[in-house]
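Chain identifiers are assigned alphabetically (A, B, ...) following the order of the sequence lines, protein sequences preceding nucleic acid strands; residue numbering begins at 1 within each chain.
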2 protein chains.
Amino acid sequence: MTKQDIPDIVVGRLPFYLRSLQRMQQEGQQVTSSQELGARLGVSAAQIRKDLSQFGEFGKQGTGYNIQFLSNQLRKILNLDQVWDMAIIGAGDVGNALAHYSGFRNRGFQCTMIFDNTAEKIGGMIGTLVVKDVAYMADEIQAAGIKVAMLAVPADHAQEVTDLLIEAGVKAILNYAPIQLSVPESVRVENIDPATHLQRMSYYLK
Amino acid sequence: MTKQDIPDIVVGRLPFYLRSLQRMQQEGQQVTSSQELGARLGVSAAQIRKDLSQFGEFGKQGTGYNIQFLSNQLRKILNLDQVWDMAIIGAGDVGNALAHYSGFRNRGFQCTMIFDNTAEKIGGMIGTLVVKDVAYMADEIQAAGIKVAMLAVPADHAQEVTDLLIEAGVKAILNYAPIQLSVPESVRVENIDPATHLQRMSYYLK
DNA sequence: TAGATTGTTAATCGATTAACAATC
DNA sequence: TAGATTGTTAATCGATTAACAATC
């Protein structure tokens, strides 16, 4: 069973399953069912069982899923049984919020570098990180073996920075710039553009 | 042709089309084709034509689409021929970044209120906005007729704030809290959770 | 006219759901 | 055992693509 066999859309739902399981665990729950998990997430029980069955058999007939066990399995599947170092590119408001965000660590990620191109920001601290000159970005990322970057620069610089990131070996980019990045097939991109999300909802208003 | 007839997945692509068209326009282009637009966005020309045909006939055989005209049509369809007032809930790093974000205005939205629950923040300024006490949130939102909110509070308060927002008449929520909100069918929610996006990509790493 | 591109239909492809035997 | 729930198959549903007549 190779990566190619599993539809993207199935992989895309696993983080939601994991997030709900982690929350149940926090609430002290030990066991759940596809029924219960589905109700919490607004998806069908059948879909959850079908999705999970792509990767193995994680439940027991009659009783459901052990939450701890299923969480661990999902973390392994998603390569979250390690902590991924990340670089933030852009020390504006978004970069700043990302650098301070405390929610990454227990979900498999941590920020270890932040870059900017403005003299006033370079050398300053954001949380525990020193803002570095983007001129050294490619070298530093490559030297540190960083594979994941969050891109929070203005749209008109996003593509050139992306090209540098890819050259430096980055394989996953969380893109906050409101622009469609062009990347080779071997690089994953996820986009976060609040205005796009808002526009999806405004259709249904009025 | 009612809202129900158009699949969500089609509506979800319209903002991307609009964003690309606006960019083309900035670059001085006057006309485009489903071919060209598709290439820019990484979707098929047939899909673009099919999606647009759900709403009307906007092109001309042989020549393609007038960018200005198609943009205007898409804006009308998405109810973006007006500016939607928005409230930000939570004046932490995310709320702060949203309040300062300059990209909303020319995409149909503007922030007019921000709320928090901490005494130190209430009364302070963020950009041009005064931070207000969340205790008055429901009343102020209702009085102003605000229909769109961006939720940037910790996960453990997100649901209770949501309930208040809905009571106050909010119909669209952009949710930054890493939790599945429960809302009535008449309310739209879009979620932005960077960790979820990162986890979707880590599956393909290694 | 010749070339290009739309809007639409029918065919294909893929995803979701329903149902149930297996079994805890 | 009786009740519950899994994993999986087959049926259904929906979305995408290919193809082409219409026409600018």
Separation of B/R75 CZ from A/Q199 CD (nearest 0.5 Å): 9.0 Å

Any A/K171 side-chain heavy atom under 4.5 Å of B/Y204 side chain: no

Complementary nucleotide for C/dA10 - Watson-Crick or wobble, under 3.5 Å: D/dT17

DNA chain C contacts among residues 22-40 of chain B, heavy-atom distance under 4.0 Å: B/S33, B/S34

On DNA chain C, nearest-nucleotide positions of A/R13 versus A/R49: which is more 5'? A/R13

Do side-chain atoms of A/H100 reach the backbone of A/N96 as a donor and acceptor pair under 3.5 angstrom? yes

Of the options B/V170, B/I179, B/V183, which is the one that meets B/T162 in a side-chain contact (heavy atoms from CB on, under 4.5 Å)? B/V183

Both distances below 3.5 Å, Watson-Crick or wobble geometry, any strand: find the nucleotide opposite C/dG3. D/dC24

Identify the 5'-most and 3'-most nucleotides of DNA chain D with at least one atom closer than 4.0 Å to a non-hydrogen atom of chain A. D/dA4 to D/dT9

Salt bridge or not between B/D51 and B/R13? Use side-chain N to carboxylate O under 4.0 Å. yes

Residues touching DNA chain D, which here means a heavy atom under 4.0 Å, drawn from residues 59-76 of chain B: B/K60, B/Q61, B/G62

Is the shortest side-chain N to carboxylate O distance from A/R107 to B/D193 below 4.0 Å? yes

Do other residues, nucleotides or ligands put more than 12 heavy atoms under 6.0 Å from the CD atom of A/Q30? no

So, are B/R40 and B/E27 salt-bridged, with charged N and O less than 4.0 Å apart? yes

With heavy-atom distances below 4.5 Å as the criterion, would you say the side chains of B/M113 and B/F115 are in contact? yes

Below 4.5 Å, heavy atoms only, C-beta onward: do A/R188 and A/I173 meet side chain to side chain? no

